[in-house]
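In each ligand, atom 1 is the first atom listed, and ligand 1 is the first ligand listed.
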Amino acid sequence: MTLLFEPQPATAVPIAGSSSTLPVRRVYCVGRNYAAHAREMGKDPDKEPPFFFMKPADAVVPGGGDIHYPPGTKDLHHEIELVVALSSGGHRIPVERAADCVYGYAIGLDMTRRDLQIASREMGRPWDFGKAFDESAPLGPIHPVSSVGQKSSGAITLEVNGTLRQKGDLADLIWSVPETISFLSDYYTLRPGDLIFTGTPAGVSAVVPGDELVGRIDGLGELRVRILPPL
Ligand code: MN
């Protein structure tokens, strides 16, 4: 048997200081993982179990750069996030061993068609149209734990056209990276190449074509994204 056509190659994310790239398998995203952002979305930030949505692996835009304003929305929002890249996985991973699965960390943007997300949320429908669209996950290079260590604190910020829009600290994550990995592994078998977007701090807002976004996380450099007109 032969394949009818060549499959699309895996999305490959640059690794800082290396000529290797990390092939993406799945993209898991945590919803409302900073209390101040939960409040701005009109929700109670009490520590309920985390919830997740997913993006397709080919929604990742390796290295960031230019993305197009997506169709079907009048309210495209930025969400700056710490992203975890796994080099091993498994199921029912204890919190104490979860950090061993982490290959490295990167800066990511969970771009969101907010109008569609809110509409689906209010109707009890899936979030895919709001979250899982083409070019919705610009991602900076992955910094290996071997060079930057585990990330449990440090500033996370986003500027749009030089103006600070989002600001938080990784120490304010409601669910820590090890807790998030352990929780997910109770429901999915995690594998090398899985990414986890860990949630965004307060300050999400709309962008338009021409806007220049710069995300920063202490120790992980910066991610630059420019919004192009729609295709
Ligand atoms: Mn998000």
Original post:
Does the ring center of F52 lie less than 6.0 Å from the ring center of Y187?
Top reply: no

Subject >> Aromatic ring proximity W127/F51, centre distance under 6.0 Å >> reply: yes

For the Mn ion (ligand 1), find the closest N/O/S atom belonging to [X] and write down its atom name.
X: D110; value: OD2
X: E81; value: OE2
X: E79; value: OE1

Subject >> Shortest non-hydrogen separation from P49 to W175 and the atoms involved >> reply: CA-CZ2, 3.8 Å

**OP:** Check whether the side chains of T157 and K167 place a donor and an acceptor atom closer than 3.5 Å, and report yes or no.
**Re:** no

